[in-house]
Number of protein chains: 2
Amino acid sequence: MLNFSTSEENYIKAIFHLQQDVGPVTTNEVAHELKTRPASVTDMMKKLKIKKLLHYQPYQGFRLSSEGTKVALGIIRRHRLWEFFLAEKLKFTWDEVHEVAEDLEHVSNKKLIDKLDEFLGFPRVDPHGDPIPDMHGKIEISNKICLSKLPNHTPALVSSVSDHSSEILELLEHKKISLGSKLEIKRRFEFDNSLEIRMGRQPAFTISQQLAETIFVTSLLPLIQISEGKRNK
Amino acid sequence: MLNFSTSEENYIKAIFHLQQDVGPVTTNEVAHELKTRPASVTDMMKKLKIKKLLHYQPYQGFRLSSEGTKVALGIIRRHRLWEFFLAEKLKFTWDEVHEVAEDLEHVSNKKLIDKLDEFLGFPRVDPHGDPIPDMHGKIEISNKICLSKLPNHTPALVSSVSDHSSEILELLEHKKISLGSKLEIKRRFEFDNSLEIRMGRQPAFTISQQLAETIFVTSLLPLIQISEGKRNK
DNA sequence: AAATAAATTTAGACAAATCTAAAATATTCC
DNA sequence: GGAATATTTTAGATTTGTCTAAATTTATTT
């Protein structure tokens with residue numbers, strides 16, 4: 001595996017993350033994500049295309065190639081292992097780890113990362129609950145669903161949180177929700193889409209729509225797959 | 001404290017190390033140390049002079065300013081803490097740590113480094129026996145002397161080794177010499193400047209001039225200061 | 001299906017860090 | 001002390017990654 005510049009790595013990572021949600025990634029999306037200009041994105045896309053890391057036709061958006069995906073998973077592995085290290089060993093709080101890991105992830109010494117992985121006990125998820133790719137680039141795909149889509153009266157475990165800010169951390173700590181918490185929805189309020197939640201034997205409490213949309217859970221019961229109509233055409 | 005580019009940091013660090021030995025540092029010395037061209041060094045020196053990190057007059061060589069020294073000590077602190085981490089926690093061997101630390105040292109998040117320091121138990125020296133500056137930039141100055149200058153029959157502790165290669169590691173392991181080993185010189189041979197060494201109750205053995213010159217020791221007895229004539233004029 | 005708006009790309013410029021080749025300065029040696 | 005040599009600096013080019021402004025392509029509206 002070749003080496004890439006910090007800048008190239010940031011583009012690859014951004015595209016990987018943007019790809020998760022939708023189909024092909026657009027110039028503007030990447031520019032917004034990386035706080036750079038669309039023209040700079042175009043320049044870099046040409047470079048990454050030449051290096052065969054992505055598929056790209058002018059004006060058509062881009063998709064990582066399989067090689068590009070491998071590279072992205074390597075970067076994400078490094079990022080998440082460092083996040084785990086920072087939280088677990090150095091006692092950083094949840095909201096602080098991301099920024100530091102942004103720098104550490106670009107140190108791309110394979111032996112370093114594999115030994116770090118071993119030192120940490122081969123953790124499966126980072127402090128936000130996101131899965132850590134293994135040394136071969138394999139990543140766990142879990143059955144996470146957004147809490148706002150969990151059916152009522154269905155016990156589930158909190159498995160990740162998609163916002164990493166100190167503000168959400170403050171709220172989650174106040175409500176004593178953390179990764180692994182078991183909860184279920186008792187009731188949904190139509191007015192503001194807030195949810196009444198039950199955790200263990202504690203009294204029920206409500207959480208806002210915004211919060212419910214950032215929490216992801218794994219159901220403890222098999223869920224009936226709700227069809228979302230046609231998949232991507 | 002401002003931030004500096006990886007390249008600027010490498011120049012600052014090189015000058016700091018080269019300064020240790022002699023007086024002002026020359027363009028060629030830095031170029032050689034950093035495997036770059038003299039013209040590149042001159043360019044960077046102008047930049048660092050403007051940033052007040054060093055004193056420099058064309059053709060006169062350079063010296064770090066007190067600000068530049070502070071920056072250098074920060075880089076060295078990061079480098080040596082990471083080396084300690086790699087050796088102690090990730091079980092890297094002695095000769096492997098330097099290269100990886102060369103990359104990690106440029107991640108300059110103060111909180112990261114101070115928490116790493118704490119996690120490691122505030123180590124005083126890195127795996128080669130070189131002192132680690134503390135969070136205020138204070139560095140221990142020890143009374144190390146080169147083993148080749150230790151008087152005969154004077155017990156001393158091995159306190160650092162100035163070569164970090166796998167070749168010297170192999171030799172030191174074979175002779176069972178490590179940091180903290182107590183030894184004394186029994187006899188010197190004029191022919192090749194080899195030394196007969198005694199470690200504990202083991203049988204004496206000899207070491208070459210080359211090896212003696214890379215090992216530094218702290219005498220367990222106060223040594224008479226040998227005058228070296230005039231200091232720097 | 002034009003006209004307008006939005007997104008994307010191109011063209012050209014710039015800063016950082018490097019290089020080569022030539023010029024300037026210091027040093028060494030007879 | 002002056003010629004030869006070594007060192008250092010300058011001048012100008014190159015690469016990477018960025019930018020602005022203008023041109024091009026695609027999408028949206030009426």
Return the value, rounded to whole Å, for the distance between atom [atom1] of [X] and atom [atom2] of [N].
{"X": "L34(B)", "N": "dT18(C)", "atom1": "CG", "atom2": "P", "answer": "8 Å"}
{"X": "Q57(A)", "N": "dT24(D)", "atom1": "CD", "atom2": "P", "answer": "20 Å"}
{"X": "H32(B)", "N": "dA6(D)", "atom1": "NE2", "atom2": "P", "answer": "17 Å"}

Hey, can you pull the donor-acceptor pairs under 3.5 Å for the side chains in residues 51-63 of chain A, sequence neighbours left out?
from	atom 1	to	atom 2	distance (Å)
K51(A)	NZ	E8(A)	OE2	2.8
Q57(A)	OE1	K49(A)	NZ	3.1

Just N and O in the side chain of [X]: are any of them under 4.0 Å from OP1 or OP2 of [N]?
{"X": "K46(A)", "N": "dT9(C)", "result": "no"}
{"X": "Y11(A)", "N": "dT16(D)", "result": "no"}
{"X": "N28(B)", "N": "dT8(D)", "result": "yes"}
{"X": "T26(B)", "N": "dT7(D)", "result": "no"}
{"X": "S7(B)", "N": "dA16(C)", "result": "no"}

Inset, instruction - Please work out if F62(B) contacts a base, only the sugar-phosphate, or nothing of the nucleic acid, heavy-atom cut-off 4.0 Å. - result: nothing

Inset, instruction - Would you indicate what Y56(A) reaches in the nucleic acid, counting non-hydrogen atoms under 4.0 angstrom: base, sugar-phosphate, or nothing? - result: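 Sugar-phosphate: the residue Y56(A), judged by heavy atoms under 4.0 Å, touches backbone atoms but no base.
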
Inset, instruction - Give me the ring orientation class for H128(B) and H164(B): parallel if the planes are under 30° apart, tilted from 30 to 60°, perpendicular past 60°. - result: parallel

Inset, instruction - Output all residues satisfying side-chain contact (heavy atoms from CB on, under 4.5 Å) with N193(B), sequence neighbours left out; order by chain, then residue number. - result: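 Here the qualifying residues are Q209(B).
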
Legend entry - Non-neighbouring partners of R124(B) that pass side-chain contact (heavy atoms from CB on, under 4.5 Å), sequence neighbours left out: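 For R124(B), the residues satisfying side-chain contact (heavy atoms from CB on, under 4.5 Å) (neighbours in sequence not counted) are E140(B).
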
Inset, instruction - Hey, which sits more toward the 5' end of DNA chain D by its nearest nucleotide, T6(A) or Y59(A)? - result: T6(A)

Legend entry - Carboxylate-amine/guanidinium contact E67(A) K70(A), below 4.0 Å: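 Counted as a salt bridge, because a side-chain N and a carboxylate O are separated by less than 4.0 Å.
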
Inset, instruction - Check each residue of residues 37-45 of chain B for a non-hydrogen atom within less than 4.0 Å of any atom in DNA chain C, then write out the ones that pass by number, or none. - result: R37(B), A39(B), S40(B), D43(B)

Could you go through residues 22-41 of chain B and list every donor-acceptor pair under 3.5 Å that involves a side-chain atom there, pairing it with any protein atom two or more places apart or in another chain?
from	atom 1	to	atom 2	distance (Å)
T26(B)	OG1	E29(B)	N	3.2
E29(B)	OE1	T26(B)	N	3.0

Inset, instruction - List for me each residue that meets side chain to side chain donor-acceptor pair (under 3.5 Å) alongside H98(A), sequence neighbours excluded, and say none if there are none. - result: H79(A), E83(A), E102(A)

